[in-house]
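Here the structure is laid out as structure tokens; the discussion comes afterwards.
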Amino acid sequence: MAATRSEARLRRRSQAALPRSFYERPVTVVARALIGCVLAHGDCAGLIVETEAYHQSEPACHAYVGYTERTSTLFGPPGLAYVYRSYGIHALFNAVCEPEGVGAAVLVRALQPLAGQALMRARRGVSAELALCSGPGKLTQALGIELAANRCDLREGPVRVLGRADGADSPRVAAGPRIGITKAAELPWRFALAGSRYLSRPLPASGLARARHAR
DNA sequence: CATGGGATTGACT
DNA sequence: GTCAATCCCATGC
């Protein structure tokens with residue numbers, strides 16, 4: 001199995017899969033910490049540039065309704081994938097957070113493609129790199145992540161999340177209100193890599209100032 | 001068992 | 001800017 005150029009590039013950008021303890025923290029902390037990490041599936045991978053936090057205590061979170069078959073993943077152990085179908089069409093990818101028994105997850109909303117761009121273009125049916133993973137439904141389509149990945153252990157795959165490379169500068173992270181929700185829309189629980197061109201949408205101008213804190 | 005509402009996207013006015 | 005596509009699931013009869 002020969003190492004491709006993109007695999008070599010990926011190794012420089014990231015390292016090992018994140019431990020369970022990384023996810024077993026307040027969900028807004030994890031949402032911010034995931035910026036600059038890598039999401040990978042098969043030959044495709046991308047730098048996480050945009051996330052949102054969801055917690056059982058607020059009504060925008062699926063876990064708000066309590067423990068059901070659907071939300072059981074959210075209440076399960078941290079470090080697993082929660083993948084669900086949105087608007088009947090798109091699969092949305094989340095990383096389950098907080099201790100087992102607490103319903104919370106980080107939605108990954110956008111990636112900067114790092115590897116497998118040709119396959120991403122084929123799956124997406126578009127050529128512009130900026131359009132490959134600039135939205136939560138787009139990135140799952142580009143990486144080939146489907147509902148079968150629900151409950152997948154992100155340390156083992158097939159869908160994996162890798163930590164930032166050693167020595168990499170801490171990314172500047174901006175915060176703002178979450179997108180596309182009607183409930184608890186005021187919480188500044190959306191996080192983005194400051195200045196990234198790969199976001200699903202730009203952040204409000206006040207984003208960097210608000211980045212200082214949330215939760 | 002029927003119904004309604006989405007953590008979206010892309011096409012179209 | 002508006003709007004339909006399309007399916008999963010929570011809720012209520």
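Hydrogens, waters and symmetry mates are skipped; everything else that's a heavy atom, side chains included, is used. Letters A, B, ... are given to chains in the order of the sequence lines, protein chains preceding strands, and every chain is numbered from 1.
Of the candidates dT11(C), dT8(B), dG6(B), dT8(B) carries the atom nearest the Arg109(A) side chain, counting heavy atoms from C-beta on. Here the side chain of Lys138(A) is nearest to one of dG6(B), dT9(B), dA10(C), namely dT9(B). Residue Ile89(A) has its side chain nearest to dT6(C) when only dT6(C), dG10(B), dA7(B) are considered.
One can place OH of Tyr64(A) at 12 Å from P of dT11(C), the figure rounded to the nearest angstrom. As a whole-Å value, the separation of Arg124(A) CZ from dT9(B) P is 8 Å. Computed from coordinates, the Arg190(A) CZ to dT8(B) C1' distance equals 14 Å when rounded to whole Å. Computed from coordinates, the Arg85(A) CZ to dA7(B) P distance equals 15 Å when rounded to whole Å. For the pair Leu34(A) CG and dA7(B) P, the computed distance is 20 Å after rounding to whole Å. Rounded to whole Å, atom P of dA10(C) lies 6 Å from atom CZ of Arg70(A). The CG-P distance, from Leu92(A) to dT9(B), rounds to 7 Å in whole Å. For the pair Tyr87(A) OH and dC8(C) C1', the interatomic distance rounds to 13 Å; values are reported in whole Å.
The heavy-atom pair separating Tyr64(A) from Pro59(A) by the smallest distance is CG-CA, 3.4 Å. Scanning all heavy atoms of the two residues, the minimum distance from Ala105(A) to Val27(A) falls at O-CG2, 3.4 Å.
With a cut-off of 3.5 Å on both pairing distances, the Watson-Crick or G-U wobble partner of dT9(B) is dA4(C). Across the strands present, dG4(B) finds its partner in dC9(C); the criterion is a Watson-Crick or G-U wobble pair with both atom distances under 3.5 angstrom.
Across the interface with DNA chain C, nearest-nucleotide mapping of Val65(A) and Leu147(A) shows Leu147(A) to be the residue nearer the 5′ end.
When the side-chain nitrogen and oxygen atoms of His62(A) are compared with OP1 and OP2 of dC9(C), none of them lie within a distance under 4.0 Å. Residue Thr68(A) places at least one side-chain N or O under 4.0 Å from the OP1 or OP2 atom of dA10(C).
Side-chain contact between Leu143(A) and Cys133(A): present, with at least one pair of heavy atoms (C-beta onward) separated by less than 4.5 Å.
Side-chain contact annotation: Gln141(A) with Arg123(A), donor-acceptor N/O pair under 3.5 Å absent. In summary, the side chains of Tyr198(A) and Glu50(A) do not present any donor paired with an acceptor at a separation below 3.5 Å, with no hydrogens or angles considered.
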